[in-house]
**Student:** 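Before I ask anything, here is the structure I am working with.
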Amino acid sequence: MSRLAGRMPKGLAQSLTAPTTAAAAARRPTCLALRTVPARFSSSENNGPRSSGPSFKGQLTHSIMKRLQRERSDLERMARTRPESKMARNFSLTFVLFFVGSVSWFMGYQYPRDVDPNSTLPLNATRPPKFKLNPAHLEAAWADFVDIVGKENVSTVEDDIQQHATSDWSSHQSDPAHKPFCVVYPSTTEQVAALMKLCHVRRIPVVGYSGGTSLEGHYTPTRGGICVDFSRMNKVVALHKEDLDVVVQPGVGWEALNEELAEHNLFFPPDPGPGAQIGGMIGTGCSGTNAYRYGTMREWVLSLTVVLADGTVIKTRQRPRKSSAGYDLTRLFVGSEGTLGLVTEATLKLCVRPAAASVAVASFPSIRTAADCVARVVGDGVPVAAVEILDDDQMRFINSLGTTTRKWREAPTLFFKFTGTAGGVKEQIETVRQMAKRAGGQSFDFARDEAEQGELWSARKDALWSTMAQRRPGDHVWTGDVAVPMSRLPDIIEETKGDLKTSGLTSSIVGHVGDGNFHVILLYNDVERKLAEDCVHRMVKRAVEMEGTVTGEHGVGLVKRDYLPHELGVTTVDAMRKIKAAFDPLCLLNCDKVVRVQKPKRGEVAEW
């Protein structure tokens, strides 16, 4: 190359030997015109004959020049695109950093989350539950339900939908939009577990339904979803006569169960309203007229088979009469109103039917004197089986209905039930007769045979229906209950009676007063709804101030939910909410019942 450069013109040689740096390339013109090669370079070095084409040296020079021009063009193009490449690299780096940061945030804050160190769950710390309820999603789920229980056991008939949304005797004023998408009728625990697994994956809320006789809006589906009706799980699975227990499915009615048990000289004591089924009785922790002697539903449940929110099946106990093994999950589920799990089987304790029984009826001049008599009977420990009170209005409604075989004194009346041996029953009747007389009783009648027992007790059985018969067109019924310590029973009944008279609403008082529990039955129309709400509110407030409870046996549902903090305290309700979150973190089971799971809207909760 140096030899060739020595024979080239000076300018051309310098251009060939100059360094090809980017800076130099930038200073050069973008297009280099090739100089014309002098004629002398086109002849051979030994001055031989001229050729018709360029010489070897000319070809070499031309090739070198083209290569240099190509390199300079590449350098110039790189110089122009370098800022754009830098921008692209910066964008790529930013994206990578953002992606890594997002993944790190998700892993750190969402999955897995740190264990919540709090023992309670305050309302202001809750997050609104999220469900998937768009029509396409529900229709796809319907096909899955059919696969599990069969098409004949999945209903979208409008009458079925309305029946499983509310009832005429519910005190909750239901929103027409609060209804299930469909009603599913399982027949086995395995089917219920499959349904819950499916709803857990699909985020579909579920409400259990067993009998539908509850009064406080217990089964109203405030979030939509599906209703699981246990009426086709109505079998007595096993009767252990020697052990005095029975295993039943939740759709068994307590009345039908006692008819079957009577053949074996046995009976199941809890006796709530007609039509109640075991599943609903467990859900509300009910009692009934026999509660004074035999206790409430909690005392008569030995073990439960429960399907949890994710489809897991658990059994809370074996069959012994007592056990101190682990947490008492049985009693946790009793009274939980289907918010913690769905009961698919229950083992219940039984009693031998008493050898003798009788009934007595005593009337009094006032509601206070009747309540005073109850306090004396209880205070003296007379072992009566039941003590019920009906006020004068209730006795008037019973006479008006005319379904009993006799006319009743229209005055506050006590109904006593006695059980035991023949001699023991006679002794109890005489003791109560004397107490009623000392309390100012106006009359005292007792049954001498089984027919008279049915006649005397028939008035108590007709209490609700006789009041409902007084309805005007468009009227609704509200049945509410509270319970107080026995010493405060006369006070609260008398004060509530006076308040109801002042309101002007058609009403009556009925109570299982042997354990301090009584009910009011109110009739009201749409215009009078607020008046009825205020009467019930004052009764509940009165009970709490007397160290009583907002519900003795009806349960909480939606109506009594916001009273719990006043009775139990905010932190106790927060602990209940924590239990709900532990068993049902997605809030699929009977959402909004017993405790709130999200903050209420302004004005939604009445002032205390």
**Student:** Test: salt bridge (charged side-chain N to carboxylate O under 4.0 Å, His left out). Region: residues 455-469. Which pairs qualify, not counting sequence neighbours?
**Tutor:**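 Of all non-adjacent pairs touching residues 455-469, those that pass salt bridge (charged side-chain N to carboxylate O under 4.0 Å, His left out) are E388-R460.
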**Student:** Give the intermediate values and the outcome of salt bridge (charged side-chain N to carboxylate O under 4.0 Å, His left out) for residues K530 and D534.
**Tutor:** CA-CA 6 Å; K530 182 64 168 58; D534 291 343; 2.9 Å; yes
**Student:** Report all side-chain donor-acceptor pairs from residues 246-259 shorter than 3.5 Å, counting only partners two or more places apart or in another chain.
**Tutor:**
residue, atom, partner, partner atom, Å
Q249, OE1, N234, N, 3.2
Q249, OE1, K235, N, 3.1
W254, NE1, G273, O, 3.2
E255, OE1, G275, N, 3.2
N258, OD1, F268, N, 2.7
N258, ND2, F268, O, 3.2

**Student:** With a 4.5 Å heavy-atom cut-off, do P600 and L123 have their side chains touching?
**Tutor:** yes
**Student:** Checking the side chain of T220 only, and the main-chain atoms of A165 only, is there a donor and an acceptor separated by less than 3.5 Å?
**Tutor:**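 Side chain of T220 to backbone of A165: a pair is present.
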**Student:** My understanding is that only residues two or more places apart in sequence, or in another chain, count here; which of them pass ring-ring contact (aromatic ring centres under 6.0 Å, His included) with Y294?
**Tutor:** F267
**Student:** Mind checking what makes ring-ring contact (aromatic ring centres under 6.0 Å, His included) contact with F333, not counting sequence neighbours?
**Tutor:** F583
**Student:** Is there a donor-acceptor contact under 3.5 Å from the side chain of T549 to the main chain of G552?
**Tutor:** no
**Student:** Distance alone, cut at 3.5 Å: any donor-acceptor contact between the side chains of H240 and D245?
**Tutor:**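 Yes, because at least one side-chain N or O of H240 sits under 3.5 Å from a partner of the opposite role on D245.
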**Student:** Test R577 against D574 for salt bridge (charged side-chain N to carboxylate O under 4.0 Å, His left out), laying out the working first.
**Tutor:** CA-CA 5 Å; R577 192 177 292 110; D574 291 346; 2.8 Å; yes
**Student:** Treating T222 as the side-chain partner and C591 as the backbone partner, does any N or O pair qualify as donor plus acceptor under 3.5 Å?
**Tutor:** yes
**Student:** Looking at every non-hydrogen atom in both residues, tell me the closest pair between Y219 and G212 and how far apart they are.
**Tutor:**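 Between these two residues, the closest heavy atoms are OH-O, 3.5 Å.
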**Student:** Any chance you could measure L522, atom CG, to S508, atom OG, to the nearest 0.5 Å?
**Tutor:**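 One finds 8.0 Å between CG of L522 and OG of S508.
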**Student:** Please report the interatomic distance CG(N153) to CD(Q191), rounded to the nearest 0.5 Å.
**Tutor:** 7.0 Å
**Student:** What pairs meet the salt bridge (charged side-chain N to carboxylate O under 4.0 Å, His left out) rule with one or both residues in residues 165-179, with sequence neighbours excluded?
**Tutor:**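 Output for this query lists E158-K179.
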**Student:** Let's go through T339 and N590 carefully: what are the C-alpha distance in whole Å and the side-chain angles of both, what is the deciding distance for side-chain hydrogen bond (donor to acceptor under 3.5 Å, both in side chains) to 0.1 Å, and is it a yes or a no?
**Tutor:** CA-CA 5 Å; T339 61; N590 212 9; over 6 Å; no
**Student:** Excluding sequence neighbours, so at least two apart, what forms salt bridge (Lys or Arg N to Asp or Glu O under 4.0 Å) with K580?
**Tutor:** D584
**Student:** Give me the atom names and distance for the closest heavy-atom approach of S210 to Q277.
**Tutor:**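 Looks like OG-OE1, 3.3 Å.
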**Student:** Report the C-alpha distance between S214 and T284 in whole Å, list the side-chain angles of each, state the deciding distance to 0.1 Å, and finish with yes or no for side-chain hydrogen bond (donor to acceptor under 3.5 Å, both in side chains).
**Tutor:** CA-CA 8 Å; S214 55; T284 58; over 6 Å; no
**Student:** Where the side chain of N399 meets the backbone of W408, is there a donor-acceptor pair that is under 3.5 Å apart?
**Tutor:**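 Yes; judged by distance alone, with no hydrogens or angles, the pair exists.
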**Student:** If you look only at distance, which donor and acceptor atoms sit under 3.5 Å apart when one is on a side chain in residues 193-209 and the other is two or more places apart or in another chain?
**Tutor:**
residue, atom, partner, partner atom, Å
R202, NE, D144, OD2, 3.1
R202, NH1, H137, ND1, 3.4
R202, NH2, D144, OD2, 2.9

**Student:** With sequence neighbours excluded, what pairs up with H554 under the ring-ring contact (aromatic ring centres under 6.0 Å, His included) test?
**Tutor:** H519
**Student:** Please list all pairs meeting ring-ring contact (aromatic ring centres under 6.0 Å, His included) that have one or both residues in residues 462-484, counting only residues at least two apart or in different chains.
**Tutor:** H476-Y524
**Student:** Considering only heavy atoms from C-beta outward, does the side chain of Y292 approach that of H512 to under 4.5 Å?
**Tutor:**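 No, too far: nothing below the 4.5 Å cut-off.
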**Student:** Indicate yes or no for a side-chain donor-acceptor contact from D475 to the backbone of L523 under 3.5 Å, with no hydrogens or angles considered.
**Tutor:** no
**Student:** Which distance, rounded to the nearest 0.5 Å, do you find between the OG1 of T347 and the CZ of R319?
**Tutor:** 7.5 Å
**Student:** Can you measure from OG1 (T479) to CD1 (I521) and round to the nearest 0.5 angstrom?
**Tutor:**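 Reported to 0.5 Å precision, the distance equals 5.0 Å.
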**Student:** Test your reading of the model: is there a side-chain donor-acceptor pair from S187 to the backbone of R232, 3.5 Å cut-off?
**Tutor:**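 Flag not set: sc S187 to bb R232 has no pair under 3.5 Å.
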**Student:** Backbone N or O of R406 within a donor-acceptor pair of the T404 side chain at under 3.5 Å?
**Tutor:** yes
**Student:** Give me each pair satisfying side chain to side chain donor-acceptor pair (under 3.5 Å) with a member in residues 296-309, each pair once, sequence neighbours excluded.
**Tutor:**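 Matches after skipping sequence neighbours: T296-E299.
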**Student:** Heavy atoms, side chains only, cut-off 4.5 Å: are K599 and N124 in contact?
**Tutor:** yes
**Student:** Out of curiosity, D391 CG to I493 CD1, how far, rounded to the nearest 0.5 Å?
**Tutor:**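 Output value for this atom pair is 9.0 Å.
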**Student:** Output the distance between atom CG (L531) and atom CG (L505), rounded to the nearest 0.5 Å.
**Tutor:** 4.0 Å
**Student:** Anything under 3.5 Å between a donor and an acceptor, one on a side chain of residues 556-564, the other on a protein residue two or more places apart or in another chain? List them.
**Tutor:**
residue, atom, partner, partner atom, Å
K560, NZ, D481, O, 3.0
K560, NZ, V550, O, 2.6
R561, NH1, D592, O, 2.8
D562, OD1, R596, NE, 2.8
D562, OD2, R596, NH2, 3.0
Y563, OH, H537, ND1, 3.0

**Student:** Quick check: closest heavy atoms across V595 and M576, and the distance to 0.1 Å?
**Tutor:** CG1-CB, 4.0 Å
**Student:** Could you work out, with ring-ring contact (aromatic ring centres under 6.0 Å, His included) as the rule, every residue matching F181, not counting sequence neighbours?
**Tutor:**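 By the ring-ring contact (aromatic ring centres under 6.0 Å, His included) rule, F181 matches no residue at all.
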